[in-house]
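Only one structure is covered here, and it is reproduced in the block below.
In what follows, chains are A, B, ... by sequence order, proteins preceding strands, each numbered from 1.
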Amino acid sequence: MSNVKEWMDCLDRFIVEEDKIVTYKWLSIKLKIHVNTSKKLLYSYANSHDKEKLGICYLVAGEMPDGSCHFVVCRKKDVPKTKELFKNVTSQHVYSIQKRDSDADLNVILNSPVKRIEECIEDFKRLTSIEYSESVVRDNSDFQKLKMKALLASKEAVPSICNPADAVSEDKKPIKTEKENLPSNNTNKEPKKESVNGNKKGGLAAMFAAQKEVKTEAKKPVPQQNKPKGGMSMFLDSKKETGADKTNKRIKIESPKKQDLSPSEESPQMDVDMPSEEERESKKVHDTKFHIGSKSKTSQSKRKRKDKAEEKQKKKRKRIMTVSDSESNDDDNEEEEERIDDSPLREPTPPPPALSDDEAPVVGKKGKKKKLVESTFMDEEGFLVTKKEYTLVSDSEEEGETEKVSKSEKESQKPGDETAPTAEKKSPAKEPQKASAAKKESKPSKSKISPKSKISPQKNKQASITSFFTKK
Amino acid sequence: MFEARLVQSSILKKVLEAIKELLNEATFDCSDSGIQLQAMDNSHVSLVSLNLRSDGFDKYRCDRNLSMGINLASMSKIMKCAGNDDVLTMKAQDNADLVTFMFESQNQEKVMDYEMKLMNLDQEHLGIPETDYSCVIKLPSQEFARIVRDLSQFGESVVISCTKEGIKFSAGGDIGNANIKLAQTSNVDKDEDAVTIEMQEPVSLTFACRYLNSFAKATPLSPQVQLSMSADVPLVVEYKIGDIGHIRYYLAPKIEDEDN
């Protein structure tokens, strides 16, 4: 194919001249080629160039010793190590290529900008191998209606402080694609072996143990440059503490999701329709590590064109309405659900600030992202208040400014002290915030400086030189 | 046309050894005043600034400013080909994509020519503000290298605290804690063995050991090293390079994590 040469030229340009992190997904959308072709291109590019110089990341998938199915992104040099984690490696392919083999965080690669799903939803459908015949693209008005209904239903069930207007204003996604209960991970061509339910049976405790294990495994290949160990271990610790509380667990689980998935890998838009609470919960756990449940098998086997499914849309909607009595189902509604979960009926003690976030469109320059940060706290009258706001968080190591584009969902008595720590906690593995740069540990004082408190690497984050020196 | 002749090629050898661990490639900016290099390491935590003045060379000619993007691993390979007593001449044409290293033995009987391809590198120079540092410490460079090496066995961070009494390096980790204190030396035979502290106010900062270890690769360049510290600014580690120039490393401190 003459195209191939063209594509290779393009790829070369993206990598060498534009110095981009080229993931197969990005390339697929950019060149409008099938993801499999895109993977082949990356593979041949990696083979035909100096492997030592290029920063190549691989995605390895397979069956873990515990029977679950995992996807791990790792650097080239870590591939053998990563493979050892699996009982059975089912696939391995080039995930991304960049110009230099930097030690930068893998999260940066995972989060490397891909167009918003809505913008390229058609491309997406055309270019991937996974289809779900019953998926339906909804418009905004449909969506709001659904939300209202779900909300009203949930209000009957549990008294809640949220009102429908809030739900409507929460809606920021004009298009939604429904898919079956699987993360829309285009990368899986291999058969899925493990049922998600397999894990579920072990109860919550078993699930958590598994997740912890997974976490360390998945993180292992990532050299945590610039970050003293603190990041991940802090997460694990905090999880242990609140292990007994179901609501808290769910909230905590969500936060690693952000770090581990690229926007395209699992974006709110591609979310699941109508999972039962249990299913969803377990799904979240598995999502964090690219788990694929058994259901994906069925969806994959049904390779039908989506546009035939107009009638099914109605059906679907009905289904939503019935189940939404007990809970809502979209990502947006999930936030509401959390609010309900957190309500005093179920949980008399005030919960810690909830940590859930949705990714909003990438704003401004590369690497900066607007994130929807939600925090829940009890106000003076004893009501639980959930506050959502957009926080601008940069991806790259250098710039860590967080500007807050405040968008209050609810009136909050203490917005300042609640939201700031939330944003911090959300991104423990991210770069040090510039604001915190001001608070250096150095406290010039005549009294003896006790180094002990400062020796621990966990307490310190490495600042970047660029936050001290500006570009000429 | 650019041409620079250095009788002691070993200086450039040592310079290469001192920077190649931190940097993969760098731009050598050649101008009338000399050769400068400024580059951040990959993780953007430290910065290397090298200055070789034109008057330190035996012969120096630079008609037009020239930026040579150089792969330091390749250059290091070439420098290893030179004998320590060889005379080095660097040459490049204006707008050339090649630089030539010529090594001549002292007795002129052997002449070696190495050509190296240049690279196009993005120029990313940072402005380094003039700073009055609260503490300026001079100590033997070997001592510094030893301290950093020893402490890096204990943890990945080292706390450098400077008070009137002296300077303290501390590290802690799984195996325990380590503290090394150096007092100002009262009288020494050689200036270069002295530990001197000029201090306006006490400072204590935390740094990553691995970078300090990389900086210590410059130890052969100079018997003394100068550490400059102020609260909330990067540490400066400076090695003088004979009477030809200096190499300065800037290292961003580790800052307190607010979660804790």
| field | Over all atoms of both residues, closest heavy-atom pair of Ile465(A) and Ser46(B) | value | CG2-O, 4.2 Å
| request: Any chance you could measure Ile255(B), atom CD1, to Lys461(A), atom NZ, to the nearest 0.5 Å? | output: 8.0 Å
| field | Within 6.0 angstrom of Asp9(A) CG, more than 12 heavy atoms from elsewhere | value | yes
| field | Residues, nucleotides or ligands: over 12 heavy atoms within 6.0 Å of Asp12(A) CG | value | yes
| task | Kindly indicate whether the side chain of Phe469(A), heavy atoms from C-beta on, has any atom under 4.5 Å from the side chain of Pro234(B). | result | yes
| remark: Here the gap from Ile128(B) atom CD1 to Phe468(A) atom CZ, rounded to the nearest 0.5 Å, amounts to 13.0 Å
| said: With a 6.0 Å cut-off (strictly less than), is the heavy-atom count around CZ of Arg64(B), excluding the residue itself, greater than 12? | reply: no
| message | Please check this pair: side chain of Ser464(A) against backbone of Val45(B), looking for a donor-acceptor N/O pair closer than 3.5 Å. | response | no
| Is the number of heavy atoms from other residues, nucleotides or ligands under 6.0 Å of Asp94(B) CG greater than 12? | yes
| Can any side-chain N or O of Gln462(A) pair as donor or acceptor with the backbone N or O of Ala252(B) at less than 3.5 Å? | yes
